[in-house]
2 protein chains.
Amino acid sequence: MSRPERERQMLDIAEEVFAEQGYRAASMDEIAERVGVSKPMLYEYFGSKDGLLSACVARIRTDLYEATQEAMAGAGSPEDALWRGLLAYFAFMDRHNRALAVIAQQPMLIPAAAADAIEATRRRQSGLTASLLAAFAPDVPARAVEAYAEIIIGACERVSLWRARRPEVTAEEAARYVMDFSWQGLRALAPPLPHRGDEPPL
Amino acid sequence: MSRPERERQMLDIAEEVFAEQGYRAASMDEIAERVGVSKPMLYEYFGSKDGLLSACVARIRTDLYEATQEAMAGAGSPEDALWRGLLAYFAFMDRHNRALAVIAQQPMLIPAAAADAIEATRRRQSGLTASLLAAFAPDVPARAVEAYAEIIIGACERVSLWRARRPEVTAEEAARYVMDFSWQGLRALAPPLPHRGDEPPL
DNA sequence: CCGGTAACTTACTCCTGGTAGCTTACTTGG
DNA sequence: CCAAGTAAGCTACCAGGAGTAAGTTACCGG
């Protein structure tokens, strides 16, 4: 079997095993066995267990990035772009095994080397969001744009996690929540106070 | 040394070591040595390495919960409560070693038992936020309130992570970003439209 | 003084991530 | 068609750390 072929096969199996058992419980021996290959081959290809996880995560993140970017490409307005991006995000999470999607969001417990690879792809996602924001709010300072991008990413990740406990929430509903919140904020929620135009206290 | 005393001491050291080296890299032998005690004592007290992490996380989360709850107690309005809560959150993250605060947010790489303990305490935080929201938006469906609470928590966690890369961002500035975003949403950012006081759609 | 209990230790086992070195099999040039 | 090189693959091992069994000290009530 050729190298790229084997590599993809290994990633497929590893993704499956990690999702089933979690990173720690998954053993390299089992992954190797299920691939139908011996353990040193895994190390030949990925260097370490962390390297294998990194590769899995990198692949997923790349796919996620492409899916959201593509979805946002055809948008007519910033608002529309945000909506399409959110929808694509949650739909993607549905298609892929949610357990690994969650693993893909856990940078810190794994060693620095692996975390770097994950963070790099992750930052591309933040960057995409940030550029969207910058496009329709050019006067907002860069720092604030970054912060807002992080906020949106964090919101998405957390809502994904929440959906794992609430399977009845559809991807569209989830996207809707994030969208409404992001667009209008909470102020729109408060019905009793009629004077909504005032500034918040710093 | 008495049991509760030892326990606290062990947690202090473990917190430190986990924060320094990360969960995986930290060894029970080293923690035991730094405590000045032998390894079986750690197992006597916490059952397993995961148990030790769970205990650390539980303690931190409890403290965080109390800190934010206390901060929000004296608020005059929901808006004020949100602001105080956010500020307390980020200030807490500053005081405690940020690395462990981050570890506390990584449930999935550790076995189910530990993850459960973490999620349980975490949900209390979501619950606190949700009750705040419910208080000033009683007509919003419970499901949406939950989603919004998750969004805010996710935003806070992610912004914390971001601050680890951007030490120049103060706790107050971070709280400010989350506050502004949560309150006004993004629509307020778009500068070409001068009419910000109008009703949002919905 | 003695029995019991509770903090504590030494000295292991075993599992799993990781590696050294060998074997097979396929391609390529003479 | 064969030899030589290269790439895929394997067996057998090591190291280190999680977790444990059994024994030891020290304190405290009777």
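Chain letters run A, B, ... following the sequence lines, proteins first, then strands; residues in each count from 1.
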With respect to the phosphate group of D:dA18, does any side-chain polar atom (N or O) of A:Arg24 fall under 4.0 Å of OP1 or OP2? no

Can you confirm whether B:Ile60 sits close enough to B:Phe92 that some side-chain heavy atom of one is under 4.5 Å from a side-chain heavy atom of the other? yes

Quick one: pull up CD1 in B:Ile31 and CZ in B:Phe46 and give me the separation to the nearest 0.5 Å. 10.0 Å

Could you give the CD-to-C1' distance, from A:Glu33 to D:dG9, as a whole number of Å? 16 Å

Would you please confirm or rule out a distance under 4.0 Å between OP1 or OP2 of D:dA8 and any side-chain N or O of A:Arg3? yes

Are any of the side-chain nitrogens in A:Arg8 or A:Asp12 under 4.0 Å away from the carboxylate oxygens of its partner? no

Going 5' to 3' on DNA chain C, which nucleotide is the first and which the last to come under 4.0 Å of a heavy atom in chain A? C:dG17 to C:dA20

So B:Ser2, base contact, sugar-phosphate only, or nothing? Heavy-atom distance under 4.0 Å. nothing

Could you list by number each residue of residues 39-46 of chain A showing a heavy-atom separation from DNA chain D of less than 4.0 Å, or answer none if no residue does? A:Pro40, A:Met41

Check every strand shown and say whether A:Ser27 touches a base, only sugar-phosphate, or nothing at a heavy-atom separation below 4.0 Å. sugar-phosphate

Step by step, would you call B:Tyr177 with B:Leu86 a side chain to side chain contact (heavy atoms under 4.5 Å, CB included)? CA-CA 10 Å; B:Tyr177 290 135; B:Leu86 290 173; over 6 Å; no

Does A:Lys49 make a cation-pi contact with A:Phe18 (under 6.0 Å, within 45 degrees of the axis)? no

Have a look at A:Ala32 and say if it touches a base, only the backbone sugar-phosphate, or nothing, with a 4.0 Å heavy-atom cut-off. nothing

Under a 4.0 Å N-O cut-off, is there an ion pair linking A:Asp63 with A:Arg59? no

Are B:Val35 and B:Met41 side-chain neighbours, meaning at least one heavy-atom pair lies under 4.5 Å? no

Can you name the side-chain hydrogen bond (donor to acceptor under 3.5 Å, both in side chains) partners of B:Arg34, sequence neighbours left out? B:Glu16, B:Glu20, B:Glu30

